S.K.: 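Have a look at this one.
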Protein chains: 2
Amino acid sequence: METHLSSKTKQIIISPDHPFVIIGERINPTRRKALMESLARGDFSIALDDARKQVATGAHVLDVNAGVPGADEPKLLEGLARALTQEVDAPLCFDSANPAALEAALAAYEGKALINSTTGEEKMMNTVLPLTAKYHAAVIGVVTDDSGVPATPEARLAVARKIVQRAADYGMSPEDVVIDCLALTVSADSLAGRVTLDSLQLIRQELGVNLSLGASNVSFGLPDRVAINAAYLALGIARGMTAAITDPTIPELATTIRACDLLMGRDEYAMRWIKAYRAARKAKA
Amino acid sequence: METHLSSKTKQIIISPDHPFVIIGERINPTRRKALMESLARGDFSIALDDARKQVATGAHVLDVNAGVPGADEPKLLEGLARALTQEVDAPLCFDSANPAALEAALAAYEGKALINSTTGEEKMMNTVLPLTAKYHAAVIGVVTDDSGVPATPEARLAVARKIVQRAADYGMSPEDVVIDCLALTVSADSLAGRVTLDSLQLIRQELGVNLSLGASNVSFGLPDRVAINAAYLALGIARGMTAAITDPTIPELATTIRACDLLMGRDEYAMRWIKAYRAARKAKA
């Protein structure tokens, strides 16, 4: 199954037969004070710098969050989207809980965006899915619903199925729903990682949809988070994950993803591996 | 399914419900000139040092290879096994293509050893399996046979099944056969990694046996081999691999394995992760 995303000038395909898709997570002011302050004064320079750096290190798509307290989010997200489109050719992923902001950005966007996100909650689906359908976008569906976070892979599959079916009611095909199996922190629950990995495998097998994870939360509260996040990306990829919201400017993460593409048979003659190695060596020298 | 190995003083269990088992690969004179020369003069100091370092960095079992050209391998392997048993409590894995050497080491060994290895070749099975059964050892069964290396996961499953069944003919239970799905180099064949990963999953699902890999060959001929090998360990673990012959003295590999245990729900309260992190920080300071 192929999820197509596009900017005005570039198409990206999420699929098990294509290189793993990195959705760069850095353009998000939460916990980033300097970015937050710059966005608050309508200054996009830090965001544009993040965009360039993420694309240079391997991001295929850029997550864009303009959640600045007190700001006019629709205006800010739309403006940021326009500025980013001038700067890089990567398709965008609009990350907002504000429907008006999503609509403003989608209406202005020339391409097929990804929306981050809906859950299986009724209110969310009734708001986000019609918007997704109206603008012919794709959407991330997070496997939680009005009953909370399902504890088992089977229950997460049920929520994923509900989101895919509801999307179909709005005329969307399953290709345009990317399921997020929800990575909770292993420091709070030792089995959290495993349940998510088992969910990836089950949902991939039963629904065939593309799968993404916000893969940085799993290590929250633990030391050496990068090593945990890198291992988690590889484990997830082995279980059928085809995209992740992560930070490619962290070399260990980008390298792990490239190694996984190589080992999963998605890098013929190891060309991308060797090219990235040479580029890194040149950058160091 | 649990594979039990033991030295005189320590038991190790290979199983999906236990921490991933690291079989330390360093005591092998192939391509290690100083070790080769020391073993040739009956000097075990380098080997014993390798043993200590591997156990200190996380090896649960030690692979022992005494293949020194011109040496009396049975005598050397037996002597080395005795010396190692004095030095460390990790169970041993006897690595030899010489049946007399295997028998000498097994006869002297007080515990339940692992044998590396048989294949599905008739001559090999007829030699190695009776020895394994006679000494109540366990054996690694590599999925290649008289027809060569099978190209597909299904064909590798067939060889694995043959080895397990032949072992049963000698009175061995499937617990005592650890299947090696054969990691070939991705630089020679882009699909080599993927076929092995798919084989792990299929064989685990169909036979339920424990699975090991010699996980260092996959990166042969490529730059930044450690990053490839680390990613491969994680991918394999996600697919059901429960042990690997690898080098835990390479920090990235040991760290990746510990992260995978954490993320697969095999490290309650992240205690081993945090302990290893503290030890590493202390060692640095």
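The figures that follow rest on heavy atoms only: side chains count, while hydrogens, waters and symmetry mates do not. Below, chains carry the letters A, B, ... as their sequence lines are ordered, and counting in each starts from 1. All of these numbers come straight from a predicted model, not from anything done at the bench.
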S.K.: Based on non-hydrogen pairs under 4.5 Å, which of Ile274(A), Val186(A), Ile237(A), Ile228(A) is most in contact with chain B?
M.R.: Ile228(A)

S.K.: Where is the tightest heavy-atom contact between Ala270(B) and Leu222(A), given as atom of each residue plus distance?
M.R.: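 Closest heavy-atom pair between Ala270(B) and Leu222(A): CB-CD2, 3.7 Å.
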
S.K.: Looking only at heavy atoms and a cut-off of under 4.5 Å, which of Leu197(B), Leu191(B), Leu262(B) has the most pairs with chain A?
M.R.: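 It is Leu262(B).
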
S.K.: Among the options Cys260(B), Ala230(B), Ala227(B), Gly236(B), pick out the one with the most heavy-atom pairs lying under 4.5 Å from chain A.
M.R.: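 Of the candidates given, the most pairs with chain A belong to Cys260(B).
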
S.K.: Under 3.5 Å, what donor-acceptor pairs does chain B form with chain A?
M.R.:
| unit_1 | atom_1 | unit_2 | atom_2 | d |
| --- | --- | --- | --- | --- |
| Ser190(B) | OG | Tyr269(A) | N | 3.1 |
| Arg194(B) | N | Leu263(A) | O | 3.1 |
| Arg194(B) | NH1 | Met264(A) | O | 3.2 |
| Pro223(B) | O | Trp273(A) | NE1 | 2.9 |
| Ala238(B) | O | Arg239(A) | NE | 2.6 |
| Ala238(B) | O | Arg239(A) | NH2 | 3.1 |
| Arg239(B) | NE | Ala238(A) | O | 2.6 |
| Arg239(B) | NH2 | Ala238(A) | O | 3.1 |
| Leu263(B) | O | Arg194(A) | N | 3.1 |
| Met264(B) | O | Arg194(A) | NH1 | 3.2 |
| Tyr269(B) | N | Ser190(A) | OG | 3.1 |
| Trp273(B) | NE1 | Pro223(A) | O | 2.9 |

S.K.: Taking every heavy-atom pair that is under 4.5 Å apart, which of Pro223(A), Ala231(A), Ala259(A) has the most such pairs with chain B?
M.R.: Pro223(A)

S.K.: Could you look at Leu263(B) and say if it's the side chain, the backbone, both or neither that has a heavy atom under 4.5 Å from chain A?
M.R.: both

